[in-house]
There are 2 protein chains.
Amino acid sequence: MTEFDWNLIRSFVAVAEAGSLSEAARRLSSSQPTLGRHVTELEVALGVVLFRRGRGGYELTENGVAFLDRAKAMRENADALARLAIGREETVAGTVRITASEIIATYVLPSIMARLGESEPGIEVEIVASNQVGNLLRRDADIAIRMVAPAQDDIIARKIADLPLICCAASSYLDRRGRPRQATDLLEHDLVGFDRDDDIVQGFAHFGVEVDRHKFRFRTDNQVVFWEAVRAGNGIGFAQASLVSRDPGVEPILPEMPLPALPMWLAMHHDVRHSPRIRRVADFLFAELKAYSAG
Amino acid sequence: MTEFDWNLIRSFVAVAEAGSLSEAARRLSSSQPTLGRHVTELEVALGVVLFRRGRGGYELTENGVAFLDRAKAMRENADALARLAIGREETVAGTVRITASEIIATYVLPSIMARLGESEPGIEVEIVASNQVGNLLRRDADIAIRMVAPAQDDIIARKIADLPLICCAASSYLDRRGRPRQATDLLEHDLVGFDRDDDIVQGFAHFGVEVDRHKFRFRTDNQVVFWEAVRAGNGIGFAQASLVSRDPGVEPILPEMPLPALPMWLAMHHDVRHSPRIRRVADFLFAELKAYSAG
DNA sequence: GTCTACCCATTCAAAATTGAATATCAATGC
DNA sequence: GCATTGATATTCAATTTTGAATGGGTAGAC
C-alpha cells in the first residue's frame with residue numbers, strides 16, 4: 001500500500017490552526033507556496049477536499065474538521081518525541097528556551113543569565129517574554145517561570161517563593177506631591193494602573209475601596225511600561241518588593257499595608273527533566289530567583 | 001523552535017521493526033541509502049543515538065527503545081488518517097485490497113471478482129492470499145475474509161457462514177484403493193496432511209484416534225498444494241464441503257462423520273465503512289460467499 | 001577453501017522540492 | 001478614488017533528496 005508524506009500532515013495542522021497559508025508559513029518558518037502545495041498534495045493523496053479557499057484565507061471543510069483531531073494527535077506525538085530526545089541528550093552544551101513574565105524577563109533574567117554564562121559558556125539561552133502561559137507541551141519553551149501554580153499534566157513544578165507586592169512611587173514624584181500616611185491618602189494621588197486588566201481595581205475592592213479605572217492617570221497593560229511609568233514619576237503603583245528595593249529612585253510606601261503576594265513557580269516538562277543542560281539551567285534559575293525574591 | 005522532518009519518524013519505525021535498512025526499504029518501497037540517511041539525520045536532529053550498527057543489521061539502542069512507543073503511536077495516527085480518508089471518499093472507482101486464506105483466494109475469489117468486474121468495472125481489486133490474519137489497522141487490506149472471529153477493536157465483522165469440512169479423495173484414488181466404509185478404515189489409506197500444522201492430527205485425537213504425522217504420506221503446510229494433492233489422487237484429505245462439491249474429480253467420503261465447521265467472517269475497519277467502494281465490494285463478497293458456502 | 005546471500009556505506013546523476021519574486025485580487029483606511 | 005495591507009496562485013532557478021550502481025564486509029552452506 002502507498003504511504004503518504006507525513007510532513008503533509010504537519011502542514012495541514014499548521015494551516016488549519018493558522019487559518020491562512022501565509023500565517024502558517026510564518027509559524028512553521030516555511031513558505032506560503034510550500035504550504036499551499038502541501039495542502040493540495042494531501043488532498044489529492046487522500047482524495048478528500050480539506051479546505052475552502054476563500055479570499056481571507058483557508059477554512060476547514062467538514063472533511064477537514066474530521067481529520068483535524070487525528071492530525072493534532074500526530075503532532076502531539078511528534079512533540080513528545082522531541083521532548084524525549086532532549087531528556088536523553090548527554091551534552092550540557094546547547095540551547096535552552098525560557099519563558100517568563102515580562103517583568104521577570106526584563107529586569108531579573110538578564111543579570112542571572114550573565115552569571116550563568118560565566119559558569120556554563122556552552123549553554124545558549126532564548127528568553128520568551130510573555131505573560132501568556134506558554135505551552136511546555138508543545139515546547140514553546142523548555143523552562144517556564146510562572147506566577148500561577150502550573151496545573152497541566154506531566155509538568156514538574158517547583159515553587160520558588162512568594163513575591164510580596166508593595167505600594168511604591170518614584171522619589172521625585174513623592175518629593176513633589178508628598179508622601180501618603182495612610183491608605184486613604186492614595187485616592188488623592190495620581191495612580192499608575194492597568195488598562196483592561198483589572199487586578200488592581202479588584203485589589204482595591206478587596207479593601208472595601210471602590211475605584212474605577214479613571215482613577216488611574218496612566219494606564220497600560222504592558223507590565224514593563226507600567227514599571228517604567230512608576231520609575232519616571234507618573235504616580236503611585238504596585239510592584240514586587242524586590243524590584244523596588246533594587247531601584248534607588250523608587251521608594252516603598254505604606255509598608256504596613258497588607259497586599260497579596262505573587263507565587264513564583266519554576267516549571268518544566270517531565271520528559272525533559274534528565275537533560276543535564278536543562279537541569280543545570282533550572283537549578284541555577286531556582287537558586288538565583290530565590291535569592292532575588294529574598295533581596 | 002525548530003521542527004524536524006516527520007518522515008524521519010516513519011523511517012525510524014520501519015527500520016526498528018524490520019531490523020535492517022534493506023528490509024525496511026523493501027517494506028516501505030523506499031531504498032536502503034535513503035533509510036540509512038533518514039536514520040542518521042534523525043539521530044543528529046535529536047542528538048541521540050538510536051541504533052547500534054552491526055554486521056547483521058540495525059539494532060535499537062536503549063535510547064531507540066525509549067522512542068519506539070511514541071513513534072509507533074505516531075504511525076497509528078497516520079494510519080487512522082488514511083482510513084478516515086477512505087471512509088470519506090465519494091467515488092466508487094478505485095482499488096480495494098482483500099485478504100483471504102489461500103484456499104478462498106485461490107479457488108473462490110477469482111470467479112467472484114470476475115462477476116464483480118461486470119457490474120463495477122471502475123473497481124480494481126488486489127488480493128492478498130495469506131493465512132496470517134493481516135492487519136486491517138495498518139491497512140494491509142481494506143477487507144479481510146477470515147476463518148476466525150475477529151477480535152480487534154474498531155473492526156466490524158459479519159459472519160458469513162459456517163463452512164462444513166468433509167473427508168474426501170479423488171475418484172481416481174478411490175477407484176484404485178477402494179472406498180472406506182467407516183472411520184477406522186481411514187488408517188488403512190494414504191492420507192494427505194499438514195506438515196508443521198497439526199490441526200488434522202488433533203482432529204483425529206478428538207475422535208480418540210492417535211495418529212502421528214508419519215501416517216500422512218503427503219505432507220504440506222500450503223493449503224493450495226494440499227488440495228491439489230488430494231485432487232491429484234495422493235490420498236484422502238479434509239476440505240471444505242463446497243470445494244469438494246464443485247470439483248467433479250473429487251468425491252466426499254463418510255459424509256456422516258461429524259467434523260468441525262470453519263466459521264467464515266467478513267471484516268473491515270470501522271473508519272472505512274462508509275466508503276461506497278469498499279461497501280459495495282463487501283456487500284457483494286458477503287452475498288457471493290454465502291452462496292458459495294451453501295453450494 | 002569457495003560460493004552465496006545478506007548486510008552496510010558511498011557515489012553521482014536524475015528527479016523532486018523549495019522559496020524569492022511576481023501577478024492578482026479583495027477589503028480597508030484615508 | 002487611491003494607496004495599503006494581507007491574502008492566494010504561478011513561475012523558475014537553486015537546492016535538496018532520491019535511488020541505481022558499486023565496493024566491501026561477514027556469516028553460513030557446501
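What you are looking at is a predicted structure, and each value in this text was computed from that prediction instead of being measured.
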What residues, two or more places apart in sequence or in another chain, satisfy side chain to side chain contact (heavy atoms under 4.5 Å, CB included) together with [X]?
X     : value
A:A14 : A:A24, A:L28
B:A66 : A:R88
A:S20 : A:S22, A:E23

Notebook entry, point to check: In chain order, what residues pass the ring-ring contact (aromatic ring centres under 6.0 Å, His included) check against B:Y58, with sequence neighbours excluded?
Noted result: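 Once residues adjacent in sequence are excluded, the partners of B:Y58 under the ring-ring contact (aromatic ring centres under 6.0 Å, His included) criterion are B:F51.
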
Check: B:R26 near the nucleic acid: base, sugar-phosphate alone, or nothing, with a heavy-atom cut-off under 4.0 Å?
Finding: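 Here B:R26 touches the backbone only, sparing every base.
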
Item checked: Side-chain heavy-atom pair A:D5, B:W6 within 4.5 angstrom cut-off ->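 No; the side chains remain at least 4.5 Å from each other.
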
Next item on the list: Hey, could you give me the OG/CE distance between A:S275 and A:M268, rounded to the nearest 0.5 Å?
Entry: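 Rounded to the nearest 0.5 Å, the OG-CE separation comes to 9.5 Å.
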
Note to self: If I take atom CD from residue B:E41 and atom CG from residue B:L8, how far apart are they, to the nearest 0.5 angstrom?
What the structure shows: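 If I round to the nearest 0.5 Å, the distance is 4.5 Å.
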
Item checked: First-last contacting nucleotides on DNA chain C - partner chain A, under 4.0 angstrom, heavy atom ->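 The contacted stretch runs from C:dT18 to C:dA27.
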
Going by salt bridge (Lys or Arg N to Asp or Glu O under 4.0 Å), name the residues that satisfy it together with [X], two or more places apart in sequence or in a different chain.
X      : result
A:E120 : A:R280
B:E228 : B:R231
A:E59  : A:R52
B:E43  : B:R53

Margin query: Below 4.0 angstrom, which residues in residues 12-23 of chain B have at least one non-hydrogen atom near DNA chain C?
Written below: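 Output list: B:S20, B:L21, B:S22.
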
Next item on the list: With a 4.0 Å heavy-atom cut-off, tell me which residues in residues 56-67 of chain B come close to DNA chain C, sorted by residue number.
Entry: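 Hits under 4.0 Å, by residue number: B:G57, B:Y58.
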
Next item on the list: For the pair B:E124 and B:R97, find out whether any cationic side-chain nitrogen is under 4.0 Å from an anionic carboxylate oxygen.
Entry: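 Salt bridge between B:E124 and B:R97, a charged N being under 4.0 Å from a carboxylate O: no.
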
Next item on the list: Determine, for nucleotides 10-30 of chain D in 5'-to-3' order, which nucleotides have protein heavy atoms under 4.0 Å from the base (write B), from only the sugar-phosphate (write S), or from neither (write -).
Entry: B-------BBBB-----S---

